[in-house]
Protein chains: 2
Amino acid sequence: MGKLGLWQSIAEMLLDDIGQKKLKAGEKLPTELMLSKRFGVNRHTVRRALQHLAEKGIVWSKRGSGVYLKAPPTEYPIGTRVRFSQNLTLDGRLPTRKTLTLEIRAASVEERNALNVVDNGKVLAYSGISFADGQPIALFNSIFDPLRFGRLIERIKVNNSVTKSLNDCGITDYTRAWTKITAHLADPVKANHLQINDGQPLLCTTSLNIAPDGTPIEYGKTFFSAEHVVLSHSDDLSYS
Amino acid sequence: MGKLGLWQSIAEMLLDDIGQKKLKAGEKLPTELMLSKRFGVNRHTVRRALQHLAEKGIVWSKRGSGVYLKAPPTEYPIGTRVRFSQNLTLDGRLPTRKTLTLEIRAASVEERNALNVVDNGKVLAYSGISFADGQPIALFNSIFDPLRFGRLIERIKVNNSVTKSLNDCGITDYTRAWTKITAHLADPVKANHLQINDGQPLLCTTSLNIAPDGTPIEYGKTFFSAEHVVLSHSDDLSYS
DNA sequence: TAACCGTGGACAACTAGACAAATCTAATTT
DNA sequence: AAATTAGATTTGTCTAGTTGTCCACGGTTA
């Protein structure tokens, strides 16, 4: 058993603090300068310890702001009936959403093909961040037909829920027609939103939700933080 | 293999939006505050990205108002027959004019020499802004002999066109005797009119239009925004 | 000697907040 | 109806604090 390096001892002390709940999930750690004074070492040594904790997925650092404690991973089921709130509630988490954009704008080629109902090239785009217990776990981007769901903008603002807002628009039920899953690397902006480091892997699901009569309702693309989410599909998963 | 800074990624995303026509020429971009929320960064970081786009001549910001998308450069031919509307129409642009001043006033020495017909030291001065697709591209200043073209004031007010108004005064044709081209820096007033930043370069053309009999008709000085205009001359350009 | 670890400092990049200046909007007054 | 006024909005500027990156230096260890 080799001697512990200086930075390793510091990392363990920080872990002790975390284990003893002196620090809660999402909270900001003392600054590197404060920690270096407290432990009587150089800032670089503290940074080495924090880097270790970051690699283990325990903390996350934001340049210019501070180092923050992360929450543990979430299991996210994918099946024929995908409902954000329901999924997380079942996992014992508190689901939250934060809207980034909610607007009618020009459609991209990809979006046009997916919803194939677009006439004048406009779509209703709803994007934002999904949280579980305050921890950002995904960036979502939903596309709707503005002619059919123009009222959706105001409804989403009120409900903050897609399922409920679609219900207000007469869609009492919808199912997942298909889901494609890919992996990407986080660009700086996505990393920032998801509170992970630039270059970390993302799980990307592209999917289409349809009404019982088969007409397309929602074309969605979601980027999950691979550190925080495990996608799972149950047996009744059916691609029709 | 450059590592992308945060503001660089944001600048690229904004460029994507512009390229995908989600933002149209002349339109106002979302406010810095909205963009900072959308990208999950500090306002200063957004400003850094916008500053980059401004330096590339893609956007233009107006304090207290917003940041606006600029139109791509316009090609403006210079030859023996220079007609504002015709030039821009040929380039596929929609030409517009806005009058700033239209009056009879004392002539400067320079104007007196150019039009050499002035007796009592008065000239008819017509100045304004030229637009292409709503984008201001030039400040023009035309000087006429008030004795010969006194009726021009009312005609221009009606026609909003120099060529047509001269026609109403009996000038069925005129040609460009000579053109001198220089470059200057925009003072704050010119910059404001042209919606560019103070200190940006201007192309300045000084020219004389003459009647077929050789008598001077119009002495003009025009300041083009160098960001928005490329002056071009075709082969038949003749300095007589 | 060579590799490694920690120290020390300088600078860049980003965050955070405050305030000023210009503009825009809407209500009020004339 | 037009002008004025007051408040809110938006960009410009400034100061300060925090993390990221780079270079150089000295001491310890293999």
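Given the structure is predicted, the values throughout are model-derived calculations rather than measurements. Each chain gets a letter, A, B and so on, in the order the sequences are listed, and its residues count up from 1.
Summarising the geometry, the separation between CG on Leu6(A) and P on dG26(D) is reported as 21 Å, rounded to the nearest angstrom. Computed from coordinates, the Glu32(B) CD to dA22(C) P distance equals 16 Å when rounded to whole Å. At whole-Å resolution of the value, CE in Met34(A) and C1' in dT19(D) are 15 Å apart. The separation between Lys37(A) atom NZ and dG17(D) atom C1' is 12 Å, rounded to whole Å. The CG-P distance, from Asn42(B) to dG17(D), rounds to 16 Å in whole Å. For Leu29(A) and dT19(D), the CG to C1' distance is 13 Å, given to the nearest whole Å. One interatomic measurement links the two molecules: CG of Leu4(B) to P of dT21(D), which rounds to 14 Å at whole-angstrom precision. One interatomic measurement links the two molecules: NE2 of His44(B) to P of dG12(D), which rounds to 12 Å at whole-angstrom precision.
Contact annotation for Arg43(A): base contact, defined as any heavy-atom pair under 4.0 Å involving a base atom. Within 4.0 Å of Arg47(A), counting heavy atoms only, lies at least one base atom of the nucleic acid.
Of the side-chain N and O atoms in Trp7(B), one or more sit less than 4.0 angstrom from OP1 or OP2 of dC14(C).
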Show me the side-chain donor-acceptor pairs of residues 151-159 of chain B shorter than 3.5 Å, one per line, residues at least two apart or across chains.
| residue | atom | partner | partner atom | Å |
| --- | --- | --- | --- | --- |
| Arg151(B) | NH2 | Asp168(B) | O | 2.7 |
| Arg155(B) | NE | Asp168(B) | OD2 | 3.0 |
| Arg155(B) | NH2 | Asp168(B) | OD2 | 3.1 |
| Asn159(B) | ND2 | Arg155(B) | O | 3.3 |
| Asn159(B) | ND2 | Ser165(B) | OG | 3.1 |
| Asn159(B) | ND2 | Asp168(B) | OD2 | 3.0 |

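You'll find the side chain of Val189(A) reaches within 4.5 Å of the side chain of Ile10(B), heavy atoms only.
Ion pairing between a basic and an acidic side chain is recognised when a charged N comes within 4.0 Å of a carboxylate O; Lys56(A) and Glu227(A) show no such pairing. A salt bridge does not link Lys122(A) with Glu103(A): none of the charged nitrogens is closer than 4.0 Å to a carboxylate oxygen.
A side-chain donor from one of Glu110(A) and Tyr219(A) sits under 3.5 Å from a side-chain acceptor of the other. The closest side-chain donor-acceptor pair between Thr205(A) and Thr179(A), if any, does not fall under 3.5 angstrom.
Using the six-membered ring where Trp is involved, Trp60(B) and Tyr68(B) have ring planes that are tilted, between 30° and 60° apart.
In the set dT19(D), dC14(C), dT7(C), dT19(D) carries the atom at the smallest distance from any side-chain atom of Thr31(A).
Taking a 4.0 Å limit (strictly below) on heavy-atom distances, residues 50-68 of chain B reaches DNA chain C at Lys62(B), Arg63(B), Gly64(B), Ser65(B).
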